[in-house]
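Following: one structure in C-alpha coordinates, then a few remarks.
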Amino acid sequence: APALTQSHYRWRLDDGNESAANWGGNEDTATSSVGLSTLVRLRMEVNNAGTASSSQQYLLEYGTGSNPLADTWTTIPALGSCSTSPFCMAASSLSEGVATTNVASGLTDADTSFIAGLQKESNATTTHISLDTPHFTEIEYAFQVTSNATAGTAYYFRLATTTGNGVSGQLNAYAVT
(Lines give C-alpha, C1' and ligand atoms only; values in the text may rest on other atoms or scores of the structure.)
Protein backbone atom coordinates (compact mmCIF):
# COMPACT_ATOMS: atom_id res chain seq x y z
CA ALA A 1 0.00 0.00 0.00
CA PRO A 2 1.11 3.62 -0.41
CA ALA A 3 2.49 5.34 2.70
CA LEU A 4 2.22 9.09 2.17
CA THR A 5 3.95 11.41 4.63
CA GLN A 6 4.01 15.19 4.80
CA SER A 7 7.75 15.18 5.35
CA HIS A 8 8.90 18.82 5.20
CA TYR A 9 7.65 22.38 4.80
CA ARG A 10 9.18 25.82 4.46
CA TRP A 11 7.83 29.37 4.33
CA ARG A 12 8.79 31.57 1.38
CA LEU A 13 8.70 35.22 0.50
CA ASP A 14 6.83 36.29 -2.63
CA ASP A 15 9.86 38.08 -4.07
CA GLY A 16 10.51 35.86 -7.07
CA ASN A 17 9.25 32.94 -9.14
CA GLU A 18 9.14 29.30 -8.02
CA SER A 19 12.88 28.76 -8.35
CA ALA A 20 14.18 32.22 -7.37
CA ALA A 21 12.13 33.39 -4.36
CA ASN A 22 13.89 33.73 -1.03
CA TRP A 23 13.07 31.56 1.95
CA GLY A 24 11.08 33.11 4.79
CA GLY A 25 12.54 30.85 7.44
CA ASN A 26 14.29 27.57 8.12
CA GLU A 27 12.90 24.21 7.02
CA ASP A 28 10.25 22.72 9.34
CA THR A 29 10.13 25.90 11.42
CA ALA A 30 6.95 27.78 12.29
CA THR A 31 6.74 31.49 11.60
CA SER A 32 5.29 34.14 13.86
CA SER A 33 6.07 37.21 11.80
CA VAL A 34 3.09 37.22 9.44
CA GLY A 35 0.76 40.20 9.67
CA LEU A 36 -2.77 40.72 8.42
CA SER A 37 -3.12 41.27 4.66
CA THR A 38 0.26 39.58 4.11
CA LEU A 39 0.79 37.37 1.06
CA VAL A 40 2.69 34.23 2.09
CA ARG A 41 3.96 31.16 0.30
CA LEU A 42 4.24 27.71 1.80
CA ARG A 43 6.18 24.89 0.15
CA MET A 44 5.29 21.38 1.33
CA GLU A 45 6.84 18.01 0.58
CA VAL A 46 5.11 14.63 0.43
CA ASN A 47 6.91 11.33 0.08
CA ASN A 48 5.68 7.81 -0.62
CA ALA A 49 7.62 5.25 1.43
CA GLY A 50 5.05 2.53 0.87
CA THR A 51 5.06 -0.56 -1.32
CA ALA A 52 2.65 0.73 -4.00
CA SER A 53 2.20 3.85 -6.10
CA SER A 54 -0.40 6.51 -5.34
CA SER A 55 -2.23 9.06 -7.47
CA GLN A 56 -3.80 11.76 -5.31
CA GLN A 57 -5.18 15.26 -5.44
CA TYR A 58 -3.72 17.23 -2.52
CA LEU A 59 -5.30 20.18 -0.77
CA LEU A 60 -3.99 22.70 1.74
CA GLU A 61 -5.91 22.93 5.00
CA TYR A 62 -5.59 25.08 8.12
CA GLY A 63 -6.70 24.66 11.72
CA THR A 64 -6.07 26.00 15.19
CA GLY A 65 -5.24 22.65 16.75
CA SER A 66 -1.75 21.20 16.42
CA ASN A 67 -2.76 17.55 15.95
CA PRO A 68 -2.85 16.86 12.18
CA LEU A 69 -4.71 13.57 12.71
CA ALA A 70 -7.43 14.62 15.15
CA ASP A 71 -8.27 18.32 15.06
CA THR A 72 -10.72 20.19 12.81
CA TRP A 73 -9.26 21.25 9.44
CA THR A 74 -10.63 23.61 6.78
CA THR A 75 -9.55 23.93 3.15
CA ILE A 76 -8.21 27.39 2.29
CA PRO A 77 -10.85 29.06 0.07
CA ALA A 78 -10.26 29.78 -3.61
CA LEU A 79 -9.11 33.18 -4.82
CA GLY A 80 -12.07 35.58 -4.60
CA SER A 81 -14.15 33.29 -2.34
CA CYS A 82 -12.76 34.26 1.05
CA SER A 83 -15.92 35.25 2.93
CA THR A 84 -15.00 35.09 6.64
CA SER A 85 -11.97 32.84 6.29
CA PRO A 86 -8.68 33.89 7.93
CA PHE A 87 -6.87 32.78 4.74
CA CYS A 88 -7.56 32.95 1.02
CA MET A 89 -5.63 31.73 -2.00
CA ALA A 90 -3.97 34.71 -3.71
CA ALA A 91 -2.26 35.80 -6.92
CA SER A 92 1.52 35.81 -6.51
CA SER A 93 4.81 35.37 -8.33
CA LEU A 94 3.97 31.68 -8.80
CA SER A 95 2.40 30.37 -12.01
CA GLU A 96 -0.87 28.59 -11.29
CA GLY A 97 -0.80 24.90 -12.20
CA VAL A 98 2.79 24.90 -13.49
CA ALA A 99 5.09 22.10 -12.35
CA THR A 100 7.43 22.63 -9.42
CA THR A 101 11.13 21.84 -9.58
CA ASN A 102 13.38 20.38 -6.91
CA VAL A 103 14.66 23.80 -5.78
CA ALA A 104 18.27 23.73 -4.58
CA SER A 105 18.71 24.57 -0.88
CA GLY A 106 14.94 24.32 -0.39
CA LEU A 107 13.53 21.23 1.28
CA THR A 108 15.53 18.17 2.28
CA ASP A 109 14.82 15.36 -0.19
CA ALA A 110 12.76 12.79 1.70
CA ASP A 111 13.35 10.00 -0.84
CA THR A 112 15.52 9.14 -3.81
CA SER A 113 13.51 10.46 -6.77
CA PHE A 114 11.70 13.77 -7.31
CA ILE A 115 8.36 13.97 -9.11
CA ALA A 116 7.15 17.43 -10.11
CA GLY A 117 4.36 18.84 -7.98
CA LEU A 118 2.39 22.01 -8.71
CA GLN A 119 2.39 25.74 -8.04
CA LYS A 120 -0.98 26.78 -6.59
CA GLU A 121 -2.46 30.26 -6.17
CA SER A 122 -6.06 30.18 -7.43
CA ASN A 123 -7.36 27.25 -5.36
CA ALA A 124 -5.96 24.88 -2.73
CA THR A 125 -6.53 21.61 -4.63
CA THR A 126 -4.01 20.11 -7.05
CA THR A 127 -4.72 17.92 -10.03
CA HIS A 128 -3.66 14.28 -9.59
CA ILE A 129 0.00 13.79 -8.71
CA SER A 130 1.31 10.24 -9.11
CA LEU A 131 3.96 9.09 -6.66
CA ASP A 132 5.71 5.79 -7.10
CA THR A 133 7.82 4.48 -4.26
CA PRO A 134 10.35 5.76 -3.17
CA HIS A 135 9.46 9.15 -4.67
CA PHE A 136 8.63 12.59 -3.29
CA THR A 137 6.98 15.73 -4.60
CA GLU A 138 6.85 19.39 -3.59
CA ILE A 139 3.76 21.61 -3.83
CA GLU A 140 3.98 25.36 -3.33
CA TYR A 141 0.97 27.45 -2.29
CA ALA A 142 0.42 31.22 -2.23
CA PHE A 143 -2.25 32.61 0.08
CA GLN A 144 -3.26 35.83 1.83
CA VAL A 145 -3.72 36.30 5.56
CA THR A 146 -7.06 38.14 5.68
CA SER A 147 -8.42 40.59 8.23
CA ASN A 148 -10.48 37.68 9.59
CA ALA A 149 -7.37 36.07 11.10
CA THR A 150 -7.21 36.50 14.87
CA ALA A 151 -4.06 38.12 16.24
CA GLY A 152 -2.24 35.90 18.70
CA THR A 153 -3.90 32.70 17.42
CA ALA A 154 -1.60 29.89 16.32
CA TYR A 155 -2.69 28.51 12.95
CA TYR A 156 -1.44 25.16 11.64
CA PHE A 157 -1.32 23.90 8.04
CA ARG A 158 -1.41 20.42 6.58
CA LEU A 159 -1.86 18.63 3.28
CA ALA A 160 -4.75 16.24 2.87
CA THR A 161 -6.08 14.28 -0.10
CA THR A 162 -9.45 14.53 -1.80
CA THR A 163 -9.90 10.75 -2.00
CA GLY A 164 -9.50 9.83 1.64
CA ASN A 165 -6.13 8.09 1.83
CA GLY A 166 -6.28 7.13 5.49
CA VAL A 167 -9.05 8.71 7.57
CA SER A 168 -10.99 11.70 6.18
CA GLY A 169 -8.39 12.52 3.57
CA GLN A 170 -5.44 12.43 5.94
CA LEU A 171 -2.02 11.38 4.79
CA ASN A 172 -0.59 8.30 6.50
CA ALA A 173 1.76 10.39 8.63
CA TYR A 174 2.82 13.94 9.43
CA ALA A 175 6.48 14.18 10.29
CA VAL A 176 6.21 17.92 10.96
CA THR A 177 3.57 20.17 12.48
Side-chain angles (χ1 to χ4, degrees), residues 1-12 14 18-19 21 27-28 30 40-63 65-79 81-82 85-92 94-103 106-144 155-177:
L4 301 174
T5 299
Q6 178 182 304
S7 45
H8 297 289
Y9 71 93
R10 196 166 182 188
W11 295 98
R12 292 193 90 174
D14 190 42
E18 184 260 345
S19 61
E27 180 179 58
D28 301 334
V40 294
R41 286 171 40 185
L42 180 59
R43 190 169 183 101
M44 302 184 91
E45 183 177 284
V46 174
N47 72 297
N48 181 4
T51 58
S53 63
S54 172
S55 179
Q56 297 289 339
Q57 288 180 273
Y58 297 92
L59 56 135
L60 182 62
E61 297 179 328
Y62 71 92
S66 62
N67 185 338
L69 299 176
D71 292 317
T72 301
W73 296 91
T74 304
T75 302
I76 294 181
L79 178 68
S81 301
C82 303
S85 176
F87 306 101
C88 189
M89 298 299 291
S92 70
L94 294 176
S95 296
E96 171 64 30
V98 172
T100 56
T101 59
N102 191 4
V103 177
L107 301 176
T108 302
D109 294 353
D111 265 315
T112 56
S113 299
F114 175 78
I115 300 291
L118 292 170
Q119 300 173 45
K120 296 298 298 173
E121 59 181 7
S122 67
N123 66 64
T125 305
T126 69
T127 55
H128 280 270
I129 299 172
S130 295
L131 279 181
D132 292 328
T133 185
H135 290 89
F136 70 96
T137 191
E138 296 177 3
I139 305 164
E140 188 161 340
Y141 292 92
F143 57 95
Q144 180 103 24
Y155 291 97
Y156 300 86
F157 299 88
R158 76 169 192 178
L159 287 176
T161 62
T162 60
T163 56
N165 181 58
V167 180
S168 302
Q170 297 170 358
L171 302 186
N172 295 92
Y174 292 86
V176 295
T177 58

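All heavy atoms count here, side chains included; hydrogens, waters and symmetry mates do not. Throughout, numbering of the chain's residues begins at 1 and tracks the sequence.
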Ignoring hydrogens and geometry, is there a side-chain-to-backbone donor-acceptor pair from [X] to [Y] under 3.5 Å?
{"X": "N47", "Y": "H135", "value": "no"}
{"X": "T51", "Y": "A1", "value": "yes"}
{"X": "N48", "Y": "A3", "value": "yes"}
{"X": "T133", "Y": "G50", "value": "yes"}
{"X": "S92", "Y": "L94", "value": "yes"}
{"X": "T126", "Y": "Y58", "value": "yes"}
{"X": "Y9", "Y": "A30", "value": "yes"}
{"X": "Q119", "Y": "S95", "value": "yes"}

Anything under 30° is parallel, anything over 60° is perpendicular, the rest tilted; go ahead and classify F157 against Y62.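 F157 and Y62: tilted rings.
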Would a 4.5 Å heavy-atom cut-off, applied to side chains only, mark F136 and S7 as touching? no
Any non-hydrogen side-chain atom of Y141 less than 4.5 Å from a side-chain atom of L159?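 Result yes, sub-4.5 Å side-chain heavy-atom pair found.
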How would you list all residue pairs meeting salt bridge (Lys or Arg N to Asp or Glu O under 4.0 Å) that involve residues 111-132, not counting sequence neighbours? E96-K120
Side chain to side chain contact (heavy atoms under 4.5 Å, CB included) with L60: of N123, T125, L42, I139, only one passes, and it is L42
Can you tell me which residue among E45, R41, E27 is in a side chain to side chain contact (heavy atoms under 4.5 Å, CB included) with R10?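 Going through E45, R41, E27 one by one, the side chain to side chain contact (heavy atoms under 4.5 Å, CB included) with R10 is satisfied by E27 alone.
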Salt bridge (charged side-chain N to carboxylate O under 4.0 Å, His left out) against R12, all qualifying residues, sequence neighbours excluded: E140
Looking only at non-hydrogen atoms, find the nearest pair between [X] and [Y] and report the distance.
{"X": "P77", "Y": "S81", "value": "CB-O, 3.3 Å"}
{"X": "A124", "Y": "T75", "value": "CB-CG2, 3.9 Å"}
{"X": "T127", "Y": "Q57", "value": "C-CG, 3.7 Å"}
{"X": "T101", "Y": "E18", "value": "N-OE2, 2.9 Å"}

Could you measure the distance from the [atom1] atom of [X] to the [atom2] atom of [Y]? Nearest 0.5 Å is fine.
{"X": "C88", "Y": "I76", "atom1": "SG", "atom2": "CD1", "result": "9.0 Å"}
{"X": "T100", "Y": "I129", "atom1": "OG1", "atom2": "CD1", "result": "7.0 Å"}
{"X": "Q56", "Y": "T162", "atom1": "CD", "atom2": "OG1", "result": "6.5 Å"}
{"X": "L131", "Y": "T137", "atom1": "CG", "atom2": "OG1", "result": "5.5 Å"}

Is there a side chain to side chain contact (heavy atoms under 4.5 Å, CB included) between T74 and S85 once you walk through the steps? CA-CA 9 Å; T74 304; S85 176; 6.0 Å; no
Checking H128 against S55 for the side-chain hydrogen bond (donor to acceptor under 3.5 Å, both in side chains) test, could you report, in this order, the C-alpha distance in whole Å, the side-chain angles of both residues, the deciding distance, and whether it holds? CA-CA 6 Å; H128 280 270; S55 179; 3.3 Å; yes
